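Everything below concerns the one structure shown next.
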There are 2 protein chains.
Amino acid sequence: MTKPSSDNLDLEALGRDLKMSDTGQARTKETRNRIIEGAESLFAHRSYSTVSMREITAEAGVGLAAVNYHFGSKEGLFKAVFLRRARDLNRERAQLLEAADKRANGGVVPLREVLTALLRPGIRWSFDTGGRGLFIQFLTRSRLDHSSPLHEIFYNDVGHLRRFIPYFLRVLPELGEDEILWRLHFTLGALHYTITDLKRLERISEGLCDISQFEPTLERIVSFAEAGFRTAAPVRWAAGDP
Amino acid sequence: MTKPSSDNLDLEALGRDLKMSDTGQARTKETRNRIIEGAESLFAHRSYSTVSMREITAEAGVGLAAVNYHFGSKEGLFKAVFLRRARDLNRERAQLLEAADKRANGGVVPLREVLTALLRPGIRWSFDTGGRGLFIQFLTRSRLDHSSPLHEIFYNDVGHLRRFIPYFLRVLPELGEDEILWRLHFTLGALHYTITDLKRLERISEGLCDISQFEPTLERIVSFAEAGFRTAAPVRWAAGDP
DNA sequence: CCAAAATTCGTACGACCGTTCCAATATTTC
DNA sequence: GAAATATTGGAACGGTCGTACGAATTTTGG
């Protein structure tokens, strides 16, 4: 009757949840995973509140009560779907940034490499046909859904962004930090819109734009963002200027 | 018992709906508007499925059945909220573009003016404290909500975008149409992300970025997009090049 | 001013929601 | 192998949802 809980929400809680069943219940983890995967697939296409637990459990082929047993509640399941992959995504970004840092060998990391480290993992995952592609859809959709239990998390999940800011400041020293943040904001907009709405581009362009290939898409968005970052800062009207 | 309907969804149906009550029922239009405004305000902050009709009618100070009487269903009300302002927004964009065209006097409209015509109305509205600000939030939120009855509309509402493409092609003749569309896509991403998540920028920047002023925000996003549009096109690997 | 139509209001209905309980079954532990 | 525990499956609960209905009330039109 005692239920495994997943109330904690910091990313580190994932590890605890995973080793929760290290005594070897093969069937238990099987059920858990089937539920998570069914939920991920459904949440990828529709919002939190419109996906019912009956749909999820039917998709996973388990009983209705299994969700509450394994995850405590629908909200707990949602968080579990998030936690399973979120760490990996941010870790990939951090690793790319670190690698670029090593390559620079103490020098300044080129702007294009900073942007690539930021944008590549999300774009890459969104091109996956498997679970990671679904997860990216799940993530970008839920970010804007104020009814989702993760809304606060997303708003506060700024740590992995802050890690990039020193790199931008170093490679674009003529820009102030506020200007960097504005442009980072626009860049993330292009990223998220591209991920969630690539199909719309295909429709608008009537097949003219090839959205099927990963590398050219990444190149395009990186080029766009790089140019945006390199443009001159707007004049400030604060001080007494001619 | 005969109910006014609003089943039709093309933008032109708005006019008919508005003059539906031109025989002078002051009270009727009052109720209709109160419901629409209450719904607009609630849909601006939360998704379609999480806002109940009981909340809407309570907010508007009318009976529960009033919605079904005036709009047929919850979905009909949602469409009415959309229709009331959507035409105005696209018309504003078209007018700005036309004005820039006149100013160019037969010549090429500068890129910056094309982008301003595209971006200004949305940003402008989103800074409104009244209903138009709420509407912009409603619009950008619902666009990504696949459970919303308007999802198909948004996907097909590409007419007002197509109008801009010839202007981009003329001012950037070295770019192909596909490349234009990619960059237009990224630009819309920056726009929508800015509109929906300006609060997040404020949080990330810890107050460093001033998000309270309209003109500087517009200038920033236009500059960012302009630079992105002006960057060189990626090399094509198709033809036999050195 | 009066019949007719339009509109408002309170209420009830059937459907679906997330959750809970409990018996049945599988698994672990000694 | 038996006792204890973990997991599953079915049924039911209270609650909320969008909608429909009928009576009361207001407004319209002659």
Side-chain angles (χ1 to χ4, degrees), chain A residues 1-7 17 19-36 38-39 42-43 46-81 145 147-149, chain B residues 1-7 17 19-36 38-39 42-43 46-81 145 147-149:
Chain A
M1 282 298 170
T2 49
K3 308 164 188 176
S5 84
S6 26
D7 279 327
D17 276 3
K19 73 182 174 200
M20 171 214 75
S21 45
D22 54 357
T23 38
Q25 314 96 314
R27 178 131 181 84
T28 294
K29 285 193 63 174
E30 173 66 19
T31 296
R32 261 186 73 99
N33 283 342
R34 279 235 301 283
I35 294 175
I36 288 191
L42 288 166
F43 284 142
R46 301 194 342 252
S47 68
Y48 175 72
S49 52
T50 61
V51 175
S52 74
M53 304 206 18
R54 284 165 178 82
E55 286 180 279
I56 295 171
T57 51
E59 173 90 9
V62 301
L64 173 60
V67 169
N68 289 79
Y69 177 75
H70 284 284
F71 304 96
S73 65
K74 183 185 184 184
E75 200 170 308
L77 167 59
F78 192 85
K79 290 173 183 171
V81 173
D145 184 0
S147 71
S148 126
Chain B
M1 280 303 168
T2 49
K3 309 162 186 176
S5 84
S6 27
D7 280 326
D17 275 5
K19 73 181 174 202
M20 170 215 74
S21 43
D22 55 356
T23 37
Q25 314 97 315
R27 178 131 181 84
T28 293
K29 285 194 66 174
E30 173 65 19
T31 297
R32 261 187 73 98
N33 283 342
R34 279 235 302 282
I35 293 176
I36 287 191
L42 287 166
F43 284 142
R46 305 199 331 258
S47 68
Y48 175 71
S49 52
T50 61
V51 175
S52 73
M53 304 202 25
R54 284 165 178 84
E55 286 180 279
I56 295 171
T57 50
E59 173 89 9
V62 301
L64 173 60
V67 170
N68 287 71
Y69 178 75
H70 284 284
F71 304 96
S73 66
K74 184 185 183 185
E75 201 170 304
L77 167 59
F78 193 85
K79 290 174 183 170
V81 172
D145 185 358
S147 71
S148 124

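This one's a predicted model, so the numbers in the text were calculated from it and none came from an experiment. Below, chains carry the letters A, B, ... as their sequence lines are ordered, and counting in each starts from 1.
- In this structure, B:Lys79 is not positioned above the aromatic face of B:Phe71 in the sense of NZ or CZ being under 6.0 Å from the six-membered ring centre and within 45° of the axis.
- In this structure, the side chain of A:Lys74 engages the main chain of A:Tyr48 through a donor-acceptor pair within 3.5 Å.
- Of the candidate nucleotides D:dT7, C:dT7, D:dG18, D:dG18 has the atom nearest to the side chain of B:Lys74.
- In this structure, a donor-acceptor pair under 3.5 Å is present between the side chains of A:Ser49 and B:Ser49.
- Close to D:dT8, at under 4.0 Å from its OP1 or OP2, lies a side-chain N or O of A:His70.
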### Message
I'd like to know whether A:Glu55 forms a salt bridge (charged side-chain N to carboxylate O under 4.0 Å, His left out) with A:Arg46, so could you lay out the CA-CA distance, the side-chain angles of the two residues, the decisive distance to 0.1 Å, and finally the verdict.
### Response
CA-CA 12 Å; A:Glu55 286 180 279; A:Arg46 301 194 342 252; 2.9 Å; yes
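- For residues 52-66 of chain B, proximity to DNA chain D is found at B:Ser52, B:Met53, B:Arg54, B:Leu64, B:Ala65, defined as any non-hydrogen atom under 4.0 angstrom from a strand atom.
- Neither OP1 nor OP2 of D:dT7 sits under 4.0 Å from any side-chain N or O of A:Thr31.
- Residue B:Asn68 comes nearest to B:Ser73 through the heavy atom pair ND2-CA, 4.2 Å, listed as atom of the first residue, atom of the second, then distance.
- Atom OH of B:Tyr69 is separated from atom P of D:dA23 by 17 Å (rounded to the nearest Å).
- Here C:dT27 presents its C1' atom at 18 Å from CZ of A:Arg32, a figure rounded to the nearest Å.
- One atom, CG of B:Asn68, and another, P of C:dA6, lie 18 Å apart when rounded to the nearest Å.
- The CD-P distance, from A:Glu30 to C:dT27, rounds to 13 Å in whole Å.
- In this structure, A:Ile35 places its CD1 atom 11 Å from C1' of D:dT7, rounding to the nearest Å.
- Taking every heavy atom of both residues into account, A:Val81 and A:Ile36 meet most closely at CG2-O, 4.0 Å.
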